[in-house]
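Okay, structure first, notes after.
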Amino acid sequence: MSSFAGRMKEYPTISLDRFDRENLHARAYFLSHCHKDHMKGLKGPLLKRKLQFSRTVRLYCSFVTKELLLNNPKYAFWEEYIVPLELESPTQISLVDEASGEKEEVVVTLLPAGHCPGSVMFLFEGSHGNVLYTGDFRLPVGDVSRMEHLHSGSRVKDIQSIYLDSTFYDPRFYQIPSREVCLSGISELVGNWISQSPHHVVWLNCKAAYGYEYLFINLGEEFNTQIHVNTLAMFKKMPEILSYVTTDRRTQIHACRHPKDEEFFQGNRLPCGCTAADGTPLRIISIKPSTMWFGERTKKTSVIIKTGGSSYRACFSFHSSYSEIKDFLSYLQPVNIYPSVIPIGRTLTEGTLETTALPVCVEESLPLTITDAQPAAHNYVDCTESNGEEEEEEEQQETAPDGFSLTLSGSQSNHSSQNMDSCLPDTLIIQPELDGQKQREEGDDGIIQSESQQSSDFDIPCTPESKVPRRDELSQLYRKLAAGEDIRFVKPHTRSCAL
DNA sequence: GCGATCAGGT
DNA sequence: CACACCTGATCGC
């Protein structure tokens, strides 16, 4: 959960993705994307009143975000105060104090963030330096070097601070299969199922959030069909999406939802209640998009895991992996990095919220901490699926190697499907009729590669009280990152962090 | 009745 | 182990 309080040190009269408390006094608002955890306070009556009295306060976002936002009647009052901006079009904005008349100019540029429809990063350029607020993002390695507005000529712009989506900024999440790999895995599973008969249907068990649209589009395109969803209203001005979704239940691919949809599925019913025309029972499989992550050296595993007789998990991530974030940061080399997510291991309490939620500066507090590298005892990833019956293993004590488990909680079956495939990177496991998984193989690719080397590491500290990285350590790290050297990252001290 | 918060769920 | 969101209970206004 984002713990970003809404404001940046350099431009404190701006509020982004938070609209409550102190943010009620902002001179301008920015919304990076239309997910509820970035919209706190956005429908508040206080804010509504402020807008009615203001001549200058506006909300800036992408056109798509505006469209999605206004689709919800609770936010309809924003309509006349939203200024949608084109992507990659630097726009000057005046930050005006309406009481004093004091004014500050800033240029903002929206950069596509790859998180969900309409999601953007905001690049601010003004008298307090260049600052990048990433919002939530997923960018493949290398994409940052192709973002024109982060460059000036052939040179990377000097970035004073990055306010970072640090959701997976943790070496445990070293790798997440690419969007393309995940999509093709899902496609293969869907295709193998629905081609068997018209009564074979797929239920995509997606959350109630924007971000699955590209999945619908790709499946719709591939199978020349539309995906059944509950409502089309939010897409009415977005033809690229609209043409791939439908409220007509007569399709083999569903992403509809119902408050009791899991129960429905257990009873072999779709959430929409659809049945076959001739009374033949439907053959339904569910595919639940879930984040799967893998270790530094393991690229070999399935993006689809069978979790029950008719249930599958499919790899799907809205957020960049650790290595993607590392690529992003090492390319931009910001002076400061402010993680948006409170590092694991603690929950925010009333007392700590105020202090920990505030931005932290590399030099002063500690967005980053250098730790000693651990010897690479085991460099393979133990991809296990927790089936909910096992005790939480104790293996994640200090004896745990830097491998980590792929644990899929919430599975209803006893069926273990770990280490599904150790050889075929993108191949999924499909067993339409066979319930057993006899070809299951132990994760035997635990070959320890030899290049383990001692070197520095950094991760997000558990608490603001933990040790501050020394300046020389940081510069050393940055030099390595800049040189493209392989840097080993250790597990964060999430377990040992005593609180 | 409303909003905010929390616990618990998927 | 994460996320984004929902429901329902509780509290305060």
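None of these values were measured; they are calculated from a predicted model. Below, chain A is the first sequence line, B the second, and so on; all start at residue 1.
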Using atom [atom1] of [X] as one end and atom [atom2] of [N] as the other, report the distance to the nearest whole Å.
{"X": "Ile176(A)", "N": "dA2(C)", "atom1": "CD1", "atom2": "C1'", "result": "9 Å"}
{"X": "Lys74(A)", "N": "dC6(C)", "atom1": "NZ", "atom2": "P", "result": "8 Å"}
{"X": "His35(A)", "N": "dC5(C)", "atom1": "NE2", "atom2": "C1'", "result": "10 Å"}
{"X": "Lys43(A)", "N": "dA4(B)", "atom1": "NZ", "atom2": "P", "result": "6 Å"}
{"X": "Arg138(A)", "N": "dA4(C)", "atom1": "CZ", "atom2": "P", "result": "13 Å"}
{"X": "Lys288(A)", "N": "dT10(B)", "atom1": "NZ", "atom2": "P", "result": "8 Å"}
{"X": "Lys260(A)", "N": "dG9(B)", "atom1": "NZ", "atom2": "C1'", "result": "13 Å"}
{"X": "Lys40(A)", "N": "dG3(B)", "atom1": "NZ", "atom2": "P", "result": "15 Å"}

Would you indicate which nucleotide in dA2(C), dT10(B), dC5(C) comes nearest to any side-chain atom of Lys36(A)?
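When the side chain of Lys36(A) is considered, dC5(C) is the closest of dA2(C), dT10(B), dC5(C).
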Below 4.0 Å: OP1/OP2 of dA4(C) and any side-chain N or O of His319(A):
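So the side chain of His319(A) is within the cut-off, an N or O lying under 4.0 Å from OP1 or OP2 of dA4(C).
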Could you go through residues 214-222 of chain A and list every donor-acceptor pair under 3.5 Å that involves a side-chain atom there, pairing it with any protein atom two or more places apart or in another chain?
{"from": "Asn218(A)", "atom 1": "ND2", "to": "Tyr214(A)", "atom 2": "O", "distance (Å)": "2.7"}
{"from": "Glu221(A)", "atom 1": "OE1", "to": "Tyr244(A)", "atom 2": "OH", "distance (Å)": "2.1"}
{"from": "Glu222(A)", "atom 1": "OE1", "to": "Ser187(A)", "atom 2": "OG", "distance (Å)": "3.4"}

Determine, step by step, whether Glu262(A) and Lys288(A) satisfy the salt bridge (Lys or Arg N to Asp or Glu O under 4.0 Å) criterion, reporting the C-alpha distance in whole Å, the side-chain angles of both residues, the deciding distance to 0.1 Å, and the verdict.
CA-CA 11 Å; Glu262(A) 297 275 1; Lys288(A) 185 171 193 154; 3.7 Å; yes
Closer to the 5' end of DNA chain C via nearest nucleotide, is it Pro289(A) or Cys34(A)?
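First, find each residue's nearest nucleotide; the 5'-ward one identifies Pro289(A).
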Which comes earlier along DNA chain C counting from the 5' end, the contact point of Thr167(A) or that of Arg257(A), where each point is its nearest nucleotide?
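Result of the comparison: Thr167(A).
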So what does His115(A) hit on the nucleic acid, given a heavy-atom distance under 4.0 Å: a base, only sugar-phosphate, or nothing?
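Counting heavy atoms under 4.0 Å across all strands, the contact made by His115(A) is with sugar-phosphate only.
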What's Asp136(A) touching, base or sugar-phosphate or nothing? Going by heavy atoms closer than 4.0 Å.
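The answer is sugar-phosphate, as Asp136(A) gets under 4.0 Å only of primed atoms, P, OP1 or OP2.
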Tell me every residue that passes ring pair (Phe, Tyr, Trp, His ring centres under 6.0 Å) with His35(A), counting only those two or more places apart in sequence or in another chain.
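If we apply the ring pair (Phe, Tyr, Trp, His ring centres under 6.0 Å) test to His35(A), skipping adjacent residues, the hits are His33(A), His115(A), Phe318(A).
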Rounded to the nearest 0.5 Å, what separates atom NZ in Lys306(A) from atom CZ in Arg313(A)?
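Between Lys306(A) NZ and Arg313(A) CZ, I get 15.0 Å after rounding to 0.5 Å.
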CA sep, side-chain torsions, deciding dist, call: Ser32(A), Asp17(A), side chain to side chain donor-acceptor pair (under 3.5 Å)
CA-CA 7 Å; Ser32(A) 69; Asp17(A) 288 356; 2.7 Å; yes
